[in-house]
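What you are looking at is a predicted structure, and each value in this text was computed from that prediction instead of being measured. Heavy atoms only: backbone and side chains are in, while hydrogens, waters and symmetry mates are out.
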Amino acid sequence: MRLRNIPGARDIIGETPFVIQNPEKQKGKWNEVFPSAGPLHIEVGMGKGRFLMDMARVHPEINYVGIEMYDSVLLRAVQKMEELEAVGEGLSNVRFMRMDARELPEVFGQGEVDKIYLNFSDPWPKARHAKRRLPSREFLARYDKILIPDGTVEFKTDNRALFDFALEEAPQAGWKILAHTFDLHNDETMAKGNIMTEYEEKFSSAGTPICKYIIARDK
């Protein structure tokens with residue numbers, strides 16, 4: 001759900017060091033953004049950033065970039081980063097971008113990204129909007145342009161219709177499904193090491209099954 005507009009959000013986002021300004025200038029040079037070189041994982045549609053920050057805390061050897069297109073949502077993530085830094089718990093391996101995910105190939109070079117996370121993406125339920133869905137073949141083609149050869153996409157959702165759509169799209173777009181589940185929290189194998197998002201915590205506590213898949217390009 002989109003947050004209401006927060007006055008001044010864009011100005012704050014434009015000045016904070018946690019948001020990469022003009023990210024297209026970093027294409028092919030993303031290792032220069034972080035203090036330490038390491039695998040690069042991105043989350044497309046990161047919301048308020050909890051998942052990404054939790055992942056960065058557990059895996060300090062990995063660099064993370066969160067992508068969000070709404071100023072007011074991104075502002076919440078920036079505020080969380082500021083709070084962590086204020087208490088000496090800053091995360092140097094996390095940065096954000098405000099951008100439309102359709103522009104991913106303009107920002108990342110071929111083979112620059114090791115893994116992509118899609119968490120509780122907008123389902124765009126109308127058939128005519130199918131190409132806007134983040135696990136659609138249109139977006140899979142964009143991911144193909146930036147992932148390493150054996151890079152993976154991990155997708156989680158509470159929306160069974162969207163998940164069924166995603167399972168159908170992947171093989172038709174030239175991707176193979178490495179693993180999938182219709183009930184993540186009751187799947188011992190796939191739940192191992194799972195980091196929950198805010199939405200995931202909310203839905204699962206209400207008894208809603210969480211679906212997940214991991215896919216890679218079918219070579």
Side-chain angles (χ1 to χ4, degrees), residues 1-27 29-35 40-60 62-87 89-108 112-124 129 132-135 139 142-143 146 153-159 162 195-203:
M1 182 174 68
R2 182 178 174 180
L3 294 177
R4 70 182 188 283
N5 182 57
I6 300 176
R10 180 161 294 190
D11 291 337
I12 295 172
I13 289 168
E15 296 173 358
T16 178
F18 301 125
V19 176
I20 303 299
Q21 312 298 331
N22 304 311
E24 65 279 358
K25 293 182 179 180
Q26 294 300 141
K27 185 174 182 177
K29 301 180 295 183
W30 277 94
N31 267 337
E32 298 177 4
V33 169
F34 301 95
L40 182 62
H41 294 188
I42 68 174
E43 182 182 7
V44 182
M46 68 171 202
K48 292 181 279 187
R50 171 179 157 180
F51 170 82
L52 209 65
M53 293 180 216
D54 286 348
M55 289 292 288
R57 196 175 289 111
V58 174
H59 301 286
I62 298 173
N63 294 321
Y64 294 90
V65 173
I67 296 162
E68 178 56 54
M69 67 181 297
Y70 297 120
D71 296 331
S72 297
V73 180
L74 181 52
L75 176 61
R76 298 303 193 198
V78 168
Q79 291 171 334
K80 288 182 181 180
M81 288 285 282
E82 291 174 342
E83 291 169 3
L84 289 173
E85 192 160 88
V87 297
E89 298 178 5
L91 297 167
S92 62
N93 60 332
V94 178
R95 287 297 179 266
F96 308 132
M97 291 190 292
R98 182 196 177 281
M99 61 172 284
D100 189 313
R102 289 175 292 186
E103 300 171 3
L104 284 171
E106 306 305 316
V107 171
F108 298 102
E112 235 181 342
V113 176
D114 294 80
K115 184 178 290 188
I116 297 173
Y117 298 101
L118 311 175
N119 291 316
F120 300 88
S121 310
D122 190 329
W124 292 101
H129 292 154
R132 299 185 185 182
R133 300 168 188 162
L134 292 182
F139 272 97
R142 295 180 177 104
Y143 308 149
I146 66 174
V153 175
E154 296 192 6
F155 172 52
K156 289 195 288 188
T157 183
D158 65 303
N159 189 305
L162 178 61
I195 298 292
M196 288 202 288
T197 74
E198 291 166 314
Y199 280 122
E200 183 175 355
E201 194 170 77
K202 174 184 176 182
F203 294 136

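- The aromatic rings of F120 and Y199 are tilted relative to each other, their planes meeting at an angle between 30° and 60°.
- Between T157 and S121 there is no side-chain heavy-atom pair separated by less than 4.5 Å.
- A salt bridge between K115 and E154 is present, with a side-chain N of the basic residue lying under 4.0 Å from a carboxylate O of the acidic one.
- Side chains of V44 and F155 form no contact here, defined as non-hydrogen atoms less than 4.5 Å apart.
- Nearest heavy atoms, V113 versus I42: CG1-CG1, 4.1 Å.
- Closest heavy-atom contact between S92 and F34: O-CD2, 3.5 Å.
- A distance-only check finds no donor-acceptor pair linking the side chain of N22 to the backbone of K25 [under 3.5 Å].
- At a threshold of 4.5 Å between non-hydrogen side-chain atoms, the residues R102 and F139 count as touching.
- At a threshold of 4.5 Å between non-hydrogen side-chain atoms, the residues D71 and I12 do not count as touching.
- Contact check on E89 versus R57 returns no salt bridge, with no Lys/Arg side-chain nitrogen under 4.0 Å from an Asp/Glu carboxylate oxygen.
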Applying side-chain hydrogen bond (donor to acceptor under 3.5 Å, both in side chains), run through N119 and E43 and close with a yes or a no.
CA-CA 8 Å; N119 291 316; E43 182 182 7; 3.0 Å; yes
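- Here the side chains of V107 and W30 are in contact, with some heavy-atom distance below 4.5 Å.
- The shortest heavy-atom contact between A77 and M46 is CB-CE, 3.5 Å.
- Listed by first and then second residue, the salt bridge (charged side-chain N to carboxylate O under 4.0 Å, His left out) pairs involving residues 77-86 are K80-E198 (not counting sequence neighbours).
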Run K29 and E112 through salt bridge (Lys or Arg N to Asp or Glu O under 4.0 Å) and show every step you take.
CA-CA 9 Å; K29 301 180 295 183; E112 235 181 342; over 6 Å; no
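- A donor-acceptor pair under 3.5 Å is formed between the side chain of E68 and the backbone N or O of G47.
- When all heavy atoms of K48 and M53 are compared, the closest pair comes out as O-CE, 4.0 Å.
- The main-chain N or O of E200 is found under 3.5 Å from a side-chain atom of T197 such that the two form a donor-acceptor pair.
- Between V33 and R95, the shortest heavy-atom contact is CG1-CG, 4.0 Å.
- At least one side-chain heavy atom of L118 sits under 4.5 Å from a side-chain heavy atom of Y143.
- A 4.5 Å side-chain heavy-atom check between M55 and Y64 finds at least one atom pair inside the cut-off.
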Show your working on side-chain contact (heavy atoms from CB on, under 4.5 Å) between F96 and V65 and close with a plain yes or no.
CA-CA 5 Å; F96 308 132; V65 173; over 6 Å; no
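- Remark: R133 is not positioned above the aromatic ring of W124, lacking an NZ or CZ atom under 6.0 angstrom from the ring centre and at most 45 degrees off the axis.
- Rounded to the nearest 0.5 angstrom, M81 CE and L91 CG are separated by 5.5 Å.
- Put simply, the residue from M99, R98, M97 that forms a side-chain contact (heavy atoms from CB on, under 4.5 Å) with I20 is M97.
- The closest side-chain heavy-atom distance from H41 to H59 is not below 4.5 Å.
- Panel note: side chain D114, backbone L40; a donor-acceptor pair is recorded below 3.5 Å.
- Residues L134 and A101 come closest through the heavy atom pair CD2-CB, 4.3 Å.
- Rounded to the nearest 0.5 angstrom, N63 CG and N93 CG are separated by 6.0 Å.
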